[in-house]
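Since the structure comes first, as structure tokens, the remarks are kept for the end.
Letters A, B, ... are given to chains in the order of the sequence lines, protein chains preceding strands, and every chain is numbered from 1. The structure presented is a predicted model; accordingly, all values stated were derived computationally and were not measured.
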Number of protein chains: 2
Amino acid sequence: MMSDAVTPPGTLPMTLDAVDRRIIRCLLEDATLSNNELAERVGLTAAPLSRRLARLYGAGVIRQAVVVDPAAVGLGLQAFAEVTLNRTAPEVGERFVRAIAAMPEVVECHTVTGDFDFLLKISVKDIADYKRLIWNEFDRLPDIKGLRSTIVFDTPKRSLGTLPDW
Amino acid sequence: MMSDAVTPPGTLPMTLDAVDRRIIRCLLEDATLSNNELAERVGLTAAPLSRRLARLYGAGVIRQAVVVDPAAVGLGLQAFAEVTLNRTAPEVGERFVRAIAAMPEVVECHTVTGDFDFLLKISVKDIADYKRLIWNEFDRLPDIKGLRSTIVFDTPKRSLGTLPDW
DNA sequence: AATGAAATGGGATAGCT
DNA sequence: AGCTATCCCATTTCATT
């Protein structure tokens with residue numbers, strides 16, 4: 001099979017071969033693997049593996065992260081908010097993005113197609129905290145035409161990364 | 001201020017003090033920090049920091065992860081799908097969860113309040129790939145009453161973890 | 001009980017074949 | 001890519017407050 005040349009953001013195009021993909025797969029399954037364990041699993045020795053890893057990290061294909069368990073730090077409630085703006089001018093959207101950038105409760109902000117403009121993912125302590133966020137923070141923002149909240153019960157599936165079926 | 005006792009999933013309750021929180025904050029900002037750098041930033045030496053880290057990882061408060069840049073591996077399209085089921089029996093939902101668990105394109109699945117049952121986050125190559133997923137995979141599933149797609153233009157904010165304003 | 005200093009052990013990486 | 005050697009980093013032990 002051919003290796004597709006792909007372009008990480010802000011970097012040069014990079015070609016991933018089958019070994020690179022196996023490396024990524026293994027790391028997605030277990031990010032705590034040592035280079036020796038990882039090398040063994042992908043059928044390599046430590047040195048070339050180390051070089052490949054450096055390439056992948058350097059090109060921005062993968063990056064290390066530390067994930068916090070929300071409940072463990074007192075964030076018991078997740079929600080999605082569909083936001084519609086009065087888009088009278090181009091800078092309305094940019095102002096909104098700047099505003100939510102300053103709100104730590106807003107964990108993700110996507111601009112989307114459809115009958116709303118932004119889909120936000122929000123992480124707060126509890127329902128009271130969510131009410132405070134909506135009433136005291138969002139309702140202060142200008143140009144918000146509509147906001148629909150969807151509370152998360154639970155999350156039966158979450159995979160930090162995915163790969164096409166190579 | 002008091003340290004709240006919190007309960008990571010499947011583990012014993014754990015108390016996080018101010019130093020723990022600073023550690024977590026620093027790691028969220030930069031997961032590649034060495035223990036020495038991290039120790040310096042939180043005002044500790046390497047030894048006690050190492051112990052605190054072991055505690056945090058052991059209790060499941062934080063965990064290491066490797067994040068893949070979707071575009072870099074050929075996944076150029078993100079979407080959200082709001083799914084409504086014919087919930088005639090309790091096992092309908094469970095069957096659905098099992099089905100989407102086998103679909104690598106479904107990166108997240110949340111059960112939610114509101115006028116749909118599941119919110120899915122989906123990561124695919126392009127629009128053609130998305131059509132294939134919806135038409136060939138989802139439309140084969142029984143009990144799906146409705147599905148509304150929302151395509152992501154871009155993601156102006158994404159923070160892998162958040163902390164309450166301690 | 002938790003910190004800091006020092007030593008030890010292991011893993012990651014660079015040079016070479 | 002593999003082997004080897006080096007170096008750096010993480011961790012453990014111990015003394016200390």
Side-chain angles (χ1 to χ4, degrees), chain A residues 1-6 8 11-69 72-73 161 166, chain B residues 1-8 11-69 161 163 166:
Chain A
M1 185 185 162
M2 233 187 72
S3 314
D4 291 315
V6 289
T11 338
L12 289 169
M14 174 165 177
T15 298
L16 303 179
D17 66 11
V19 179
D20 292 317
R21 298 191 286 249
R22 293 187 60 184
I23 290 173
I24 296 173
R25 270 192 194 287
C26 287
L27 284 178
L28 285 175
E29 279 176 22
D30 184 358
T32 69
L33 288 172
S34 74
N35 280 11
N36 281 333
E37 293 169 313
L38 189 55
E40 190 183 6
R41 295 199 190 190
V42 302
L44 236 58
T45 50
L49 175 87
S50 186
R51 282 186 279 260
R52 277 174 183 267
L53 272 185
R55 259 181 74 239
L56 291 171
Y57 283 120
V61 176
I62 55 176
R63 70 174 202 280
Q64 293 189 77
V66 166
V67 179
V68 180
D69 174 27
V73 295
W166 279 322
Chain B
M1 184 188 162
M2 232 188 71
S3 316
D4 291 314
V6 289
T7 309
T11 338
L12 289 168
M14 174 164 177
T15 299
L16 302 178
D17 66 12
V19 180
D20 293 318
R21 298 191 287 250
R22 295 188 58 187
I23 291 172
I24 296 173
R25 269 192 196 287
C26 288
L27 284 178
L28 285 175
E29 280 176 23
D30 184 357
T32 70
L33 288 172
S34 75
N35 280 13
N36 281 335
E37 293 169 315
L38 189 54
E40 190 182 7
R41 295 200 190 190
V42 302
L44 237 55
T45 50
L49 175 88
S50 186
R51 281 185 287 260
R52 278 173 183 270
L53 272 185
R55 259 180 75 238
L56 292 170
Y57 283 118
V61 175
I62 55 176
R63 69 174 202 280
Q64 294 189 76
V66 165
V67 179
V68 180
D69 174 26
L163 294 184
W166 281 321

request  = Could you list where the contact with chain B starts and ends along DNA chain D, reading 5' to 3', using a 4.0 Å heavy-atom cut-off?
outcome  = D:dA10 to D:dT13
query = Can you tell me how far C1' of C:dG9 sits from CG of A:Asn36, to the nearest Å?
reply = 14 Å
inquiry  = Classify B:Ala46 by what it touches in the nucleic acid, base, sugar-phosphate, or nothing, heavy-atom distance under 4.0 Å.
reply    = base
key: Separation of atom CG in B:Asp20 from atom C1' in C:dT3, rounded to whole Å   = 14 Å
inquiry  = Within the 4.0 Å heavy-atom criterion, would you say B:Leu44 contacts the bases, only the backbone, or no part of the nucleic acid?
reply    = sugar-phosphate
Toward the 5' end of DNA chain C, by each residue's nearest nucleotide, A:Leu53 or B:Arg52 = B:Arg52
query = Of all the nucleotides listed (C:dA14, C:dT3, C:dT13), which has the minimum atom distance to the side chain of A:Asn35?
reply = C:dT13
message = Rounding to an integer number of Å, can you tell me how far A:Leu49 CG sits from C:dG11 C1'?
response = 12 Å
task = For residues A:Ile62 and A:Ile23, determine if any side-chain heavy atom of one lies less than 4.5 Å from a side-chain heavy atom of the other.
result = no
key: Sugar-phosphate, base or nothing in reach of B:Ser34, heavy atoms under 4.0 Å   = sugar-phosphate
request  = Please list, chain by chain and in numerical order, all residues satisfying salt bridge (charged side-chain N to carboxylate O under 4.0 Å, His left out) with A:Arg52, sequence neighbours excluded.
outcome  = A:Asp17, A:Asp20
ask   = If you count the non-hydrogen atoms of other residues, nucleotides and ligands that lie under 6.0 Å from CD in B:Gln64, is the total more than 12?
value = yes
request  = Can you see which heavy atom on B:Leu33 is nearest to which on B:Cys26, and at what distance?
outcome  = CD1-O, 3.9 Å
ask   = What nucleotide, of C:dA5, C:dT3, C:dT13, holds the atom closest to the side chain of B:Ala47?
value = C:dA5
task = Evaluate the criterion side chain to side chain contact (heavy atoms under 4.5 Å, CB included) for residue pair B:Leu56 and B:Leu27; output intermediate values, then yes/no.
result = CA-CA 12 Å; B:Leu56 292 170; B:Leu27 284 178; over 6 Å; no
note = Between A:Arg22 and A:Arg41 the two heavy atoms that sit nearest each other are NH2-O, 2.9 Å
ask   = Could you give the distance from CD1 (B:Ile24) to CG (B:Leu53), rounded to the nearest 0.5 Å?
value = 9.5 Å
ask   = Closer than 4.0 Å, any side-chain N/O of B:Arg51 to the OP1 or OP2 of C:dA1?
value = no
key: Between P of C:dG11 and CG of A:Leu33, the distance in whole Å   = 13 Å
